[in-house]
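In what follows, a structure is listed as structure tokens, so that the remarks can point back to it.
A note on names: the letters A, B, ... follow the listed sequences, proteins ahead of strands, and every chain is numbered from 1. Note that these values count all heavy atoms, side chains included, but never hydrogens, waters or copies made by symmetry. Small disclaimer: the values here were computed from a predicted structure and weren't measured.
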Number of protein chains: 2
Amino acid sequence: MGARRGIPDATVARLPVYHRVLTALQEQRVATVSSEELATESGVNSAKLRKDLSYLGSYGTRGVGYDVEFLVYQIARELGLTHDWPVVIVGIGNLGRALANYGGFASRGFRVVGLLDSDDTTVGQQVGHVVVDVGIDPATARAALGAQAMSRTVRHLNELEDLVIASKPAIAVIATPAKAAQDVCDRLVGAGLKSILNFAPVVLSVPSDVEVRKVDLATELQILAFHEQRRNREAQASPTQVDLTNEETVLVPSGGKL
Amino acid sequence: MGARRGIPDATVARLPVYHRVLTALQEQRVATVSSEELATESGVNSAKLRKDLSYLGSYGTRGVGYDVEFLVYQIARELGLTHDWPVVIVGIGNLGRALANYGGFASRGFRVVGLLDSDDTTVGQQVGHVVVDVGIDPATARAALGAQAMSRTVRHLNELEDLVIASKPAIAVIATPAKAAQDVCDRLVGAGLKSILNFAPVVLSVPSDVEVRKVDLATELQILAFHEQRRNREAQASPTQVDLTNEETVLVPSGGKL
DNA sequence: CGGTGTGAATTCATTCACAGCG
DNA sequence: CGCTGTGAATGAATTCACACCG
């Protein structure tokens with residue numbers, strides 16, 4: 001039973017991991033893989049993995065496993081990695097720069113078509129490496145370089161609408177300070193964007209047909225701090241170890257977890 | 001009924017958002033807030049918010065709402081934001097630099113005590129602004145500046161163990177390339193760290209008493225791409241617009257928002 | 001009256017366990 | 001026989017709806 005309708009969100013969130021692991025296996029010339037192996041490499045258990053994959057279709061072979069190459073392709077197609085996704089980045093501070101340079105984007109069909117900032121000292125700067133695959137013919141290379149150089153030059157925020165019209169980004173990344181984020185978001189939405197990745201530490205309000213995903217660095221640290229604190233509270237309450245040394249790794253003999 | 005035992009993970013993940021919103025309200029001198037208001041600002045519904053807060057204790061007043069200042073403190077305490085959390089960042093590329101400079105850390109008790117990299121041209125560099133609050137007395141300022149300058153100088157990865165002994169970081173951030181991440185992780189774990197925030201696109205394997213949280217930029221984009229693709233498929237199936245140009249993503253002229 | 005706190009109902013996700021296929 | 005694919009069981013998170021209190 002192929003399930004074209006409604007892959008659960010939790011599954012969608014794991015597909016990129018499976019895809020990455022499978023791609024690595026592919027590079028090692030591994031032809032097939034069992035749910036058990038793939039699950040271990042992906043940090044999940046095998047039942048979950050099999051159920052996840054079953055939402056895409058029955059792509060495995062009983063008694064054998066999954067064909068790596070075939071599965072890579074199926075997941076890529078499901079995620080839309082076979083398309084080209086033009087991305088605009090707004091806010092070219094440290095984080096925006098880091099994102100503009102991030103290799104993991106280009107390799108999966110995400111192509112930076114524009115960089116925007118409102119700071120006059122940043123506008124006009126060239127950001128990131130301009131790279132062309134070797135073995136490309138000179139004319140194409142020249143054109144590609146030109147286009148890349150263009151899309152790597154930071155433009156002023158007030159060109160946002162022009163950029164959207166000209167380059168039709170499908171996804172916008174907001175890496176501005178918190179204060180500017182909602183305004184930028186409103187303009188992106190006004191220009192027709194429907195997919196936004198937000199790094200600013202604010203909750204953006206958008207119409208219900210726009211999807212926003214949020215990455216909040218401080219939040220992640222706070223969650224870690226919560227668990228760290230809980231661990232310490234428990235250690236204090238428990239009878240054993242004195243653990244004010246740094247070298248610890250006392251690895252609880254047979255730990256009382258949760 | 002105060003619930004000391006077991007705040008659900010999903011709730012813990014939302015507490016930082018509530019805390020941020022409440023802090024903003026506090027700065028606007030708002031004294032009390034209802035679950036409805038706080039929920040809207042936090043992007044959740046009010047029932048969820050009330051249930052979340054109920055895990056911390058009965059801190060609201062019926063017919064009135066929550067005391068902003070009191071609630072800020074309670075959440076901060078629960079998350080451990082009243083502590084100081086020394087952080088070490090490993091991998092000082094674009095992202096590591098961005099993280100080292102990120103203001104959202106310092107303001108919540110996260111203090112960068114060390115920066116590590118294995119690249120000799122990076123080692124020795126000074127990263128990030130060294131800042132001291134105004135109105136501090138000169139001697140203290142001098143000491144603070146010294147300590148900060150120290151902790152802002154990139155040190156070589158092979159000093160990792162020394163740094164852990166000297167500065168006792170509670171949390172490590174891995175911002176290295178994928179290839180280096182597992183090795184770095186093993187060394188951090190070996191040195192006793194139990195809380196790791198991983199930006200490298202790999203699944204880290206760690207003992208079960210170590211907590212790893214992962215932020216994967218490419219993954220987030222892929223999830224957006226999935227939904228974007230689904231939206232487009234549906235649009236295609238629906239009667240209106242033709243959209244078979246190669247440049248795809250034909251912007252709807254003046255939006256039919258939902 | 002207005003708004004919190006919370007059992008009960010519901011929805012969503014994970015895990016179990018095994019039938020059935022290659 | 002080995003491993004996938006999946007119903008059924010369990011568990012977690014969300015939402016409902018209202019008793020209860022200030």
Side-chain angles (χ1 to χ4, degrees), chain A residues 1-18 21-22 25 30-68 70-71 74-75 78 208 223 226-227 257-258, chain B residues 1-18 21-22 25 30-68 70-71 74-75 78 208 223 226-227:
Chain A
M1 232 111 302
R4 195 85 290 121
R5 253 313 50 94
I7 299 178
D9 287 347
T11 295
V12 173
R14 284 185 293 266
L15 290 179
V17 178
Y18 305 152
V21 171
L22 284 163
L25 290 174
V30 175
T32 66
V33 66
S34 71
S35 64
E36 194 58 47
E37 295 165 324
L38 182 49
T40 304
E41 297 261 316
S42 304
V44 303
N45 76 32
S46 65
K48 193 188 286 185
L49 180 126
R50 287 199 303 278
K51 180 140 288 202
D52 282 344
L53 294 186
S54 77
Y55 291 115
L56 311 191
S58 289
Y59 295 150
T61 306
R62 292 166 198 241
V64 178
Y66 301 89
D67 181 274
V68 172
F70 184 66
L71 197 48
Q74 291 302 333
I75 295 177
E78 199 63 54
S208 61
I223 295 169
F226 171 84
H227 291 291
K257 287 280 183 46
L258 170 92
Chain B
M1 240 95 315
R4 195 84 293 120
R5 254 310 54 94
I7 299 178
D9 288 347
T11 294
V12 172
R14 284 186 293 266
L15 290 179
V17 177
Y18 304 153
V21 171
L22 284 163
L25 290 173
V30 175
T32 65
V33 66
S34 70
S35 63
E36 193 59 46
E37 295 164 324
L38 182 50
T40 305
E41 298 260 318
S42 303
V44 302
N45 77 34
S46 65
K48 194 189 285 185
L49 180 125
R50 288 200 302 279
K51 181 140 287 199
D52 283 343
L53 294 185
S54 78
Y55 291 115
L56 311 190
S58 289
Y59 295 150
T61 308
R62 291 167 198 239
V64 178
Y66 301 89
D67 182 273
V68 172
F70 184 66
L71 196 49
Q74 291 302 334
I75 295 176
E78 198 63 53
S208 61
I223 295 169
F226 172 84
H227 291 291

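Contact of the Thr32(B) side chain with the Thr61(B) side chain is not registered, since no non-hydrogen atoms from C-beta on lie closer than 4.5 Å. Counting only heavy atoms from C-beta outward, the side chains of Leu53(A) and Tyr66(A) approach each other to under 4.5 Å. Between Gln74(B) and Leu22(B) the shortest side-chain heavy-atom distance does not fall below 4.5 Å.
Distance check: Leu15(B) CG to Leu56(B) CG gives 5.5 Å after rounding to the nearest 0.5 Å. From Ser35(A), atom OG reaches atom CG of Asn45(A) across 9.5 Å, with rounding to the nearest 0.5 Å.
One atom, CG of Leu71(A), and another, P of dT4(D), lie 11 Å apart when rounded to the nearest Å. In this structure, the CG atom of Leu15(A) is 13 Å from the P atom of dA13(C), given to the nearest Å. Across the protein-nucleic acid pair, Leu56(A) atom CG and dG5(D) atom P stand 10 Å apart, rounded to whole Å. Taking atom OH on Tyr18(B) and atom P on dT4(C), their separation rounds to 13 Å, with Å as the unit. A straight line from CD1 of Ile7(A) to C1' of dT14(C) spans 17 Å, rounded to a whole angstrom. As rounded to whole Å, 12 Å separates atom P of dC3(D) from atom OH of Tyr66(A). Rounded to an integer number of Å, the gap from CD of Glu36(B) to P of dG5(C) is 15 Å. At whole-Å resolution of the value, CZ in Arg14(A) and C1' in dA13(C) are 8 Å apart.
Distances shorter than 4.0 Å separate none of the side-chain N or O atoms of Tyr59(B) from OP1 or OP2 on dG3(C). OP1 or OP2 of dG3(C) has not a single side-chain nitrogen or oxygen of Ser35(B) nearer than 4.0 Å.
Remark: Asp67(A) pairs with Glu69(A), Phe70(A) by the side chain to side chain contact (heavy atoms under 4.5 Å, CB included) rule, at least two apart or across chains. With sequence neighbours excluded, the residues forming a side chain to side chain contact (heavy atoms under 4.5 Å, CB included) with Val12(B) are Ile223(A), Phe226(A), Ile7(B), listed by chain and number.
For the segment residues 42-53 of chain B, residues with any heavy atom less than 4.0 angstrom from an atom of DNA chain C are, sorted by number, Arg50(B), Lys51(B).
Out of dT14(C), dT14(D), dG5(D), the shortest distance to the side chain of Ala10(A) is found at dT14(C).
Pairing each heavy atom of Leu71(B) with each of Leu38(B), the nearest pair is CD2-CD2, 4.2 Å.
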Pick out the pairs of N or O atoms, protein on one side and nucleotides 20-22 of chain D on the other, that lie under 3.5 Å.
from: dC20(D); atom 1: O2; to: Arg62(B); atom 2: NH1; distance (Å): 3.1

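A rotation axis mapping the C1' atoms of four pairs onto the next four is fitted at both ends of the helix from dC1(C)-dG22(D) to dG22(C)-dC1(D) over five pairs, and the angle between these axes is 10° to 10 degrees.
A salt bridge (charged side-chain N to carboxylate O under 4.0 Å, His left out) check over residues 32-45 of chain A, counting only residues at least two apart or in different chains, returns nothing. Within the structure, salt bridge (charged side-chain N to carboxylate O under 4.0 Å, His left out) pairs that include any residue of residues 46-65 of chain A comprise Arg14(A)-Asp52(A) (at least two apart or interchain).
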